[in-house]
Undergrad: 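One structure is given below, represented as structure tokens, and several questions about it will come after.
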Amino acid sequence: MNESEIRESYSRLTKYLIENKLSITTMESATSGQIASLITDTEGSSAIMKGAFVTYSNEAKIQQGVAPEIIEKYSVYSEETAKAMAEACAKTYKADIGIGITGTMGNVDPSNPESSVPGQVYFAFWIKGKLSAFSVNLAPEPSRYAYKMVVADLIQKKLFQLLQSIQ
């Protein structure tokens, strides 16, 4: 992980969003606000960042619009839950782009032990009504911060790829 490269990539992403007048929001669990923080580190980001949710618990996800049936049927750690998170935050903030992230970083989640697999992360994008979801199995990292930055880097790269494909 090269933190300065990740931060520079987010600066380019934020400037791209500003130039293209694309608003964005996040509903983050595993990354606990890291994506929103990286986006807002660039001056002018208030033009595109509508708001963000850190929904670390199942209850918080449900309160912000994720149907409890999705979590019950697929588990909190699933592409389906990530998609529901992305869609819910985009609709709440009326944003062009919504990002949902859920997963388990380096340990088993004591609140969801039966469904958490360390290093397994799910993320989704809602881009103007179109949903895309992905999953990744992460290599062990030395800290939770390192996990968050690795996931943030993956999300930024995938979002740029998706945005380029629709332009």
Side-chain angles (χ1 to χ4, degrees), residues 1-56 61 64-66 76-106 119-167:
M1 171 194 76
N2 184 321
E3 183 174 348
S4 62
E5 286 179 14
I6 294 168
R7 290 185 177 282
E8 181 56 36
S9 294
Y10 268 88
S11 178
R12 283 192 302 276
L13 173 64
T14 303
K15 289 173 184 173
Y16 175 90
L17 295 172
I18 293 167
E19 288 168 15
N20 289 278
K21 296 179 175 48
L22 293 169
S23 58
I24 191 166
T25 180
T26 65
M27 186 181 295
E28 301 179 59
S29 182
T31 50
S32 61
Q34 189 68 53
I35 309 301
S37 177
L38 287 163
I39 291 168
T40 59
D41 282 347
T42 298
E43 192 171 322
S45 61
S46 61
I48 51 97
M49 176 52 92
K50 294 286 205 162
F53 297 113
V54 175
T55 55
Y56 221 60
K61 290 171 188 67
Q64 298 308 327
V66 175
V76 68
Y77 303 122
S78 64
E79 287 186 6
E80 292 81 6
T81 297
K83 287 195 289 193
M85 292 168 72
E87 183 173 5
C89 68
K91 288 184 175 181
T92 295
Y93 285 112
K94 296 177 178 57
D96 298 311
I97 302 164
I99 303 173
I101 306 113
T102 185
T104 309
M105 296 303 198
Q120 196 166 59
V121 176
Y122 302 89
F123 56 99
F125 303 95
W126 186 96
I127 302 174
K128 295 187 174 185
K130 184 174 188 262
L131 277 165
S132 304
F134 307 90
S135 65
V136 63
N137 291 310
L138 304 171
E141 293 293 335
S143 67
R144 293 190 62 77
Y145 179 70
Y147 276 109
K148 290 176 191 180
M149 291 300 279
V150 166
V151 172
D153 190 36
L154 292 168
I155 286 171
Q156 172 273 137
K157 287 175 180 168
K158 184 54 80 174
L159 179 55
F160 248 133
Q161 186 180 54
L162 290 169
L163 290 171
Q164 297 301 315
S165 73
I166 61 171
Q167 290 286 324

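These numbers were taken from a predicted model, which means no experiment stands behind them. Reckoned from all heavy atoms, side chains included, excluding hydrogens, waters and symmetry mates.
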Undergrad: Between Arg12 and Glu8, does any side-chain N to carboxylate O distance fall below 4.0 Å?
TA: yes
Undergrad: Can you tell which of Thr26, Ile99, Val66 makes a side chain to side chain contact (heavy atoms under 4.5 Å, CB included) with Met85?
TA: Val66
Undergrad: Could you verify whether a donor N or O on one side chain and an acceptor N or O on the other, from Ser78 and Thr81, lie under 3.5 Å apart?
TA: yes
Undergrad: Contact between Thr102 and Met27 at the side-chain level, heavy atoms closer than 4.5 Å - yes or no?
TA: no
Undergrad: Are side-chain heavy atoms of Asn137 and Val121 found at a separation under 4.5 Å?
TA: no
Undergrad: Any heavy-atom pair between the side chains of Asn20 and Asp96 that's under 4.5 Å?
TA: no
Undergrad: Is a donor on one side and an acceptor on the other found under 3.5 Å between the side chain of Glu28 and the backbone of Ala36?
TA: yes
Undergrad: Please report the closest heavy-atom contact between Ala90 and Ile97, naming both atoms and the distance.
TA: CB-C, 4.4 Å
Undergrad: Determine, stepwise, if the pair Met149 / Leu38 fulfils side chain to side chain contact (heavy atoms under 4.5 Å, CB included).
TA: CA-CA 10 Å; Met149 291 300 279; Leu38 287 163; 4.2 Å; yes
Undergrad: Does the pair Thr25 and Thr92 meet the rule for a side chain to side chain contact (heavy atoms under 4.5 Å, CB included), with working shown?
TA: CA-CA 9 Å; Thr25 180; Thr92 295; over 6 Å; no
Undergrad: When rounded to the nearest 0.5 angstrom, what distance separates OG in Ser9 from CZ in Phe160?
TA: 8.0 Å
Undergrad: Checking side chain to side chain contact (heavy atoms under 4.5 Å, CB included) against Met105, which of Gln120, Arg144, Glu141 comes through?
TA: Arg144
Undergrad: Evaluate the side chain to side chain contact (heavy atoms under 4.5 Å, CB included) criterion for residues Val151 and Gln34: first the C-alpha distance (whole Å), next the side-chain angles of each, then the deciding distance (0.1 Å), finally the verdict.
TA: CA-CA 9 Å; Val151 172; Gln34 189 68 53; over 6 Å; no
Undergrad: If I take atom OG1 from residue Thr31 and atom OH from residue Tyr145, how far apart are they, to the nearest 0.5 angstrom?
TA: 12.5 Å
Undergrad: Once rounded to the nearest 0.5 Å, what's the spacing between atom OG1 of Thr42 and atom CE of Met49?
TA: 10.5 Å
Undergrad: Decide yes or no for Tyr56 and Lys61: does some side-chain heavy atom of the first lie under 4.5 Å from some side-chain heavy atom of the second?
TA: no
Undergrad: So Lys83 and Glu87, salt bridge (Lys or Arg N to Asp or Glu O under 4.0 Å) or not? Walk me through it.
TA: CA-CA 6 Å; Lys83 287 195 289 193; Glu87 183 173 5; over 6 Å; no
Undergrad: So how far is it from Ser135 OG to Phe123 CZ, rounded to the nearest 0.5 Å?
TA: 8.0 Å
Undergrad: Check Lys15 with Glu19, please: is the shortest side-chain N to carboxylate O separation under 4.0 Å?
TA: no
Undergrad: The criterion is ring pair (Phe, Tyr, Trp, His ring centres under 6.0 Å); which residues satisfy it with Phe53, sequence neighbours excluded?
TA: Tyr93
Undergrad: Tell me, do Leu159 and Ile127 make a side-chain contact under 4.5 Å, heavy atoms counted?
TA: yes
Undergrad: Between CD1 of Ile24 and CG of Leu163, what distance do you get to the nearest 0.5 Å?
TA: 8.0 Å
Undergrad: Search all heavy atoms of Lys148 against all heavy atoms of Ser32 and return the closest pair with its distance.
TA: NZ-OG, 2.8 Å
Undergrad: Verify side chain to side chain contact (heavy atoms under 4.5 Å, CB included) between Asn2 and Asp153, making sure each step is shown before the conclusion.
TA: CA-CA 9 Å; Asn2 184 321; Asp153 190 36; over 6 Å; no
Undergrad: Please give me the minimum heavy-atom distance between Gly100 and Ala86, naming the atom from each residue.
TA: N-CB, 3.6 Å
Undergrad: Any side-chain heavy-atom pair from Ile39 and Tyr10 closer than 4.5 angstrom?
TA: yes
Undergrad: For Ser46, check side chain to side chain donor-acceptor pair (under 3.5 Å) against everything at least two apart and list the hits.
TA: none
Undergrad: Work out which heavy atom in Ala95 is nearest to a heavy atom in Ser23; give both atom names and the distance.
TA: CA-OG, 3.2 Å
Undergrad: Can you find a pair of side-chain heavy atoms, one from Ile101 and one from Tyr122, that are under 4.5 Å apart?
TA: no
Undergrad: Is a salt bridge present between Arg7 and Glu3, judged by a nitrogen-to-oxygen distance below 4.0 Å?
TA: yes
Undergrad: List in chain and number order the residues that pass ring pair (Phe, Tyr, Trp, His ring centres under 6.0 Å) with Tyr77, two or more places apart in sequence or in another chain; answer none if no residue qualifies.
TA: none
Undergrad: Could you tell me which non-hydrogen atom of Ala146 sits nearest to which non-hydrogen atom of Pro142, and how far apart they are?
TA: CB-CD, 3.9 Å
Undergrad: Heavy-atom distance under 4.5 Å between the side chains of Phe125 and Leu131, does that happen here?
TA: no
